[in-house]
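The residues of the chain are indexed from 1 along the displayed sequence.
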Amino acid sequence: MLIPTAIACTSQGNNKTPAADKKGTEYLQTKEDATQIGDYVVETFEDSKGNLWFGTLGKGVARYDGNSLAYFTTTDGLLSNRVVSIIEDDSGHIWFGTGAGLSKFDGKEFTSFTTKNGLCDHTISDILIDSRGYFWIGT
């Protein structure tokens with residue numbers, strides 16, 4: 001699948017999309033308002049549901065579900081707005097390697113892991129889950 005470098009989205013129906021959902025996730029509102037995902041998209045990932053995820057160096061992570069673009073940031077519980085690695089585990093949780101640790105997203109909320117939880121460093125550069133389900137985390 002070809003991953004676009006920028007996605008512009010239009011809303012359906014009345015050309016209005018909620019500016020934020022219950023958790024504060026921001027959406028692009030109209031075609032006229034659409035901009036690129038971020039100045040620096042450094043990671044792309046397609047999850048098992050077909051959502052496209054884009055890690056940025058300053059705007060957190062963006063998820064494109066085929067209809068709308070949602071941003072998740074520290075306001076939503078992400079550890080850092082610098083997201084350089086994205087992976088999905090066998091349970092469907094999405095994991096983000098950030099500039100402040102590891103964030104797990106279960107589809108509703110984030111769980112954070114830092115040096116206080118045993119990571120050797122807070123800056124995560126890469127994540128791999130091997131065939132036995134073990135996490136390999138590059139710092």
> With a 3.5 Å cut-off and sequence neighbours excluded, list the donor-acceptor pairs that the side chains of residues 124-139 form with protein atoms.
unit_1, atom_1, unit_2, atom_2, d
S125, OG, G138, O, 3.2
D130, OD1, R132, N, 2.9
D130, OD1, G133, N, 3.1
D130, OD1, Y134, N, 2.9
D130, OD2, W136, NE1, 2.9

> Walk me through whether F54 and Y64 qualify under ring-ring contact (aromatic ring centres under 6.0 Å, His included).
CA-CA 8 Å; F54 302 93; Y64 182 66; 7.6 Å; no
> Can you see which heavy atom on A62 is nearest to which on L69, and at what distance?
CB-CD1, 3.9 Å
> Work out which heavy atom in R63 is nearest to a heavy atom in F105; give both atom names and the distance.
NH1-CE2, 4.1 Å
> Hey, are the side chains of K104 and F110 touching, using non-hydrogen atoms and a 4.5 Å cut-off?
no
> With E43, which residues qualify under side-chain contact (heavy atoms from CB on, under 4.5 Å), at least two apart?
S85, I86
> Any link between L79 and V83 through a network of hydrophobic side chains (Ile, Leu, Val, Met, Phe, Trp, Tyr) touching at under 4.5 Å?
no
> Nearest heavy-atom pair of H122 and G99: which atoms, and what distance?
CD2-O, 3.2 Å
> Got a sec, which residues hit side-chain hydrogen bond (donor to acceptor under 3.5 Å, both in side chains) with D47, two or more places apart in sequence or on another chain?
N51, W53
> When you compare the side chain of V84 with that of L57, does any pair of heavy atoms fall below 4.5 Å?
yes
> Restricting to pairs with a member in residues 110-120, which pass side-chain hydrogen bond (donor to acceptor under 3.5 Å, both in side chains), not counting sequence neighbours?
none
> Could you tell me which residues satisfy side-chain contact (heavy atoms from CB on, under 4.5 Å) with T123, sequence neighbours excluded, listed by chain and number?
R82, D121
> Which pairs with one or both residues in residues 90-99 pass side-chain hydrogen bond (donor to acceptor under 3.5 Å, both in side chains), sequence neighbours excluded?
D89-H93, D89-W95
> With the side chain counted from C-beta on, respond yes when F96 and V61 share a heavy-atom pair under 4.5 Å apart, and no when they do not.
yes
> Please tell me whether L102 and L78 are part of a single hydrophobic cluster in this structure, the criterion being side-chain heavy atoms less than 4.5 Å apart.
no
